[in-house]
Amino acid sequence: MFEKEYDVIVVGAGHAGSEAAAAAANMGSKTLLITMNLQNIGQMSCNPAMGGIAKGQIVREIDALGGYSGIISDKTAIQFKMLNKSKGPAMWSPRVQSDRMRFSELWRLMLEGTANLDFYQEMVSGIIVSNNKVVGVRTSLGLEVFAKSVVLTNGTFLNGLIHIGDKQFGGGRAGERAATGITQDLVNLGFESGRMKTGTPPRVDGRSLDFSKMVEQPGDENPEKFSYSNETAPLTKQRSCHMTYTSTQVHELLKEGFDRSPMFNGAIQSIGPRYCPSIEDKINRFADKDRHQLFVEPEGWDTVEYYVNGFSTSLPEDVQFKALKEVAGFEKVKFFRPGYAIEYDYFPPTQLQHTLETKLVDGLYFAGQINGTTGYEEAASQGLMAGINASLKVQEKEPFILNRSEAYIGVLIDDLITKGTEEPYRMFTSRAEYRTLLRQDNADFRLTPLGHKIGLASDARLRAMEKKKDNSDSFVNFFRETSVSPEIMNPILTENNSSEISQSDKMFKLFSRPEISMDDMRKIDTVESYIQENDLDYEVLQQAEIQVKYAGYIEKEKSNADKLNRLEGIKIPRNFDYTKLKSLSFEAKEKLAAIQPATVSQASRISGVSPNDISVLLVYMGR
């Protein structure tokens, strides 16, 4: 039934599995994608949206490297918003509402159109290992399929257990069975496993809602898009979301069900996502709050199904219904399905290398929620990196690793494998110490050359990026080199409550003022003429404005990143014996032996390893 031996087998076809399969196949590896249900490729299990704070930067990075998530998000978007525009550009984060059904459909169609990729629908119940090297997988029908590498992207399916009130049943997602067998295989091989929890809100019938009692939340007036490619275009029409609130009455009704809540009666032992708590957790932890926001999000262009963002719950369905009816606009609500919580197995990611290959089994990679993360974007980026590295390993090429100053993806993976996580990990801009460098607007500058070098980003992508960079750099140089007289500039400065100039000055200096925008500078004839003559588009204008206004911050972060990257260059041999370094603290020896950092820089980020310990390592490795 199958090839004699695949280069890469990907298990699971969620966001991680889909990106992993696409990356490996597009890099020339013969790839097999095995999933329990081919109808649910790229399924949005929770909210119908991509991007958001820091997550939008990750989607841009996936796209810049040659992944599919940005293109699919653009083509199936029903609304676009750039979040945090009131803050500096390091904080700007793109987000789209997606058409859930079309998103999944387009993922399948794009994967089916990918060369070197085969599909098979069945549950993988185990992995086959020989001499500490993975050689294939075993299915529930007893079939053995062989491969040089395997990527596990099992999501919430590993021994998944769904909770609704005091009811429990096995499942990896509503209406789908759990996956069994893999956890036991991995534990038998010596892997450490744990349990995590996540939850999802009820889905409701939009025809039963009164939107006049809610606050409309439209998309951006001039929407942008995720993908840097010309395969997609910004939306010309959009669907609105709506906002409403819970109340003290809603909270009291919810509390009536707490004795039947699996979160409070001990049925759920595992830890859920800190930054996406259930509604019962919110009213318990924030008892002083009279109300909480709810965002009512359409699930697509044509469906009447809505997602109640902010009302994630595992309370009994009758309690959910009774409480939600008291929310403004929900008085006549009809449920499509109640909310639920799900517990699943994960494997602490300190058991992985930077490539996402496991330390215990050669050729075995983990990506997505199996590593303790939460979110489509975090999963997709790990899938992309695991697929890339599985393919490179089979081709006997150097691994592909992004460091913390190159990408949010680099921050994510380094955090996971260095610090581990005991609760579902979610990316935030605050996790990135170089966020001024890692903006959503420059992911193509940072990553497309790297994606092209490994054979993932196309020649056309590279040419488009180089043209945009040349245009941006030339425009910034134009501002550096061109002066403007007081007669021309002072009216613009006065209009923006900025102090006037008494003699001609360089445009770069004046444009650097926080009060002055690109629109203001375009009032100068020479600036507008330059834009028209060089046919500069919005992306170039935005890039130039950021480069001018944040030049000092960008240079400072580059300098700091360069210092850190010097430590990245000091490698630590694999399975290094730390006991022979007598000057290391006992805690450092213990932590370093457990994590086995690849570089001195990574060692410096391990909790419990002091600056003194790093000095000892630097002296020894320097020799």
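With 3.5 Å as the limit, one finds no donor-acceptor pair spanning the side chains of N389 and Y365. Defined by atom type and a distance below 3.5 Å, a donor-acceptor pair is missing between the side-chain atoms of K75 and T232. Neither side chain, N612 nor S615, offers a donor N or O lying under 3.5 Å from an acceptor on the other. For the residue pair S93 and Q440, no side-chain donor N or O sits within less than 3.5 Å of a side-chain acceptor on the partner. A donor and an acceptor atom, one from each side chain of E557 and Y553, are nowhere located under 3.5 Å apart. Side chains of Q543 and Q547: a donor on one and an acceptor on the other come within 3.5 Å. Judged by distance alone, the side chains of D414 and T418 do bring a donor and an acceptor atom under 3.5 Å apart. Side-chain polar atoms of S381 and E61 form no donor-acceptor pair below 3.5 angstrom. Side chains of D519 and S517: no donor on one and acceptor on the other come within 3.5 Å. Between the side chains of T374 and Q369, no donor-acceptor pair is found at a separation under 3.5 Å.
Between E495 and K523 a salt bridge is recorded (basic side-chain N to carboxylate O distance below 4.0 Å). A salt bridge links R404 to E433: one of the charged nitrogens lies within less than 4.0 Å of a carboxylate oxygen. A salt bridge is defined here as a Lys NZ or Arg NE, NH1 or NH2 lying under 4.0 Å from an Asp or Glu carboxylate O, and E406 with R446 fails to meet this definition. A salt bridge is absent between K468 and D441; no separation between the charged side-chain nitrogens and carboxylate oxygens falls under 4.0 Å. At a threshold of 4.0 Å, the pair D220-K81 does not count as salt-bridged, since none of the basic side-chain nitrogens sits closer than that to a carboxylate oxygen. Electrostatic pairing of E539 and R60 does not count as a salt bridge here, judged by no charged N lying under 4.0 Å from a carboxylate O. Taking 4.0 Å as the cut-off between side-chain N and carboxylate O, K469 and D444 do not count as a salt-bridged pair. Looking at R605 and E568, a side-chain N of the basic residue comes within less than 4.0 Å of a carboxylate O on the acidic one, giving a salt bridge.
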(request) Give the intermediate values and the outcome of salt bridge (Lys or Arg N to Asp or Glu O under 4.0 Å) for residues D613 and K591. (result) CA-CA 11 Å; D613 295 320; K591 296 283 181 69; over 6 Å; no
(request) Take Q602 and I595, measure what side-chain contact (heavy atoms from CB on, under 4.5 Å) needs, and give me the verdict at the end. (result) CA-CA 10 Å; Q602 187 192 353; I595 304 291; 4.0 Å; yes
(message) Apply salt bridge (Lys or Arg N to Asp or Glu O under 4.0 Å) to residues E378 and R426 and explain how you reach the verdict.
(response) CA-CA 7 Å; E378 290 89 341; R426 177 180 177 180; 5.3 Å; no
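F479 CZ to F511 CZ: the interatomic distance, rounded to the nearest 0.5 Å, is 5.0 Å.
The aromatic rings of F475 and Y530 sit parallel to each other, their planes meeting at less than 30°, with 60° as the upper class boundary.
Within a 6.0 Å radius of CZ in R291, no more than 12 heavy atoms belonging to other residues, nucleotides or ligands are found. In K85, the NZ atom is crowded: over 12 heavy atoms of neighbouring residues, nucleotides or ligands sit closer than 6.0 Å. Under a cut-off of 6.0 angstrom, the local environment of CD in E481 is crowded, with over 12 non-hydrogen atoms contributed by other residues, nucleotides or ligands. The environment of CD in E422 is sparse: at most 12 heavy-atom neighbours from other residues, nucleotides or ligands sit within 6.0 Å.
By the 4.5 Å heavy-atom criterion applied to side chains, Y408 and M427 are counted as neighbours. Here the side chains of L450 and L402 are in contact, with some heavy-atom distance below 4.5 Å. Within the 4.5 Å cutoff, no side-chain heavy atoms of M243 are placed close to those of L294.
Among L618, T599, L617, the one residue that satisfies the side chain to side chain contact (heavy atoms under 4.5 Å, CB included) test with I570 is L618.
Heavy atoms only, all atoms of each residue included: I572 and M621 are closest at CG2-CE, 3.8 Å. Between P486 and S504, the closest heavy-atom pair is CD-N, 3.7 Å. Between N371 and T421, the closest heavy-atom pair is O-CG2, 3.9 Å.
For H15 and F103, the ring centers sit closer than 6.0 Å to each other. Between F211 and Y306, the distance separating the two ring centers is shorter than 6.0 angstrom.
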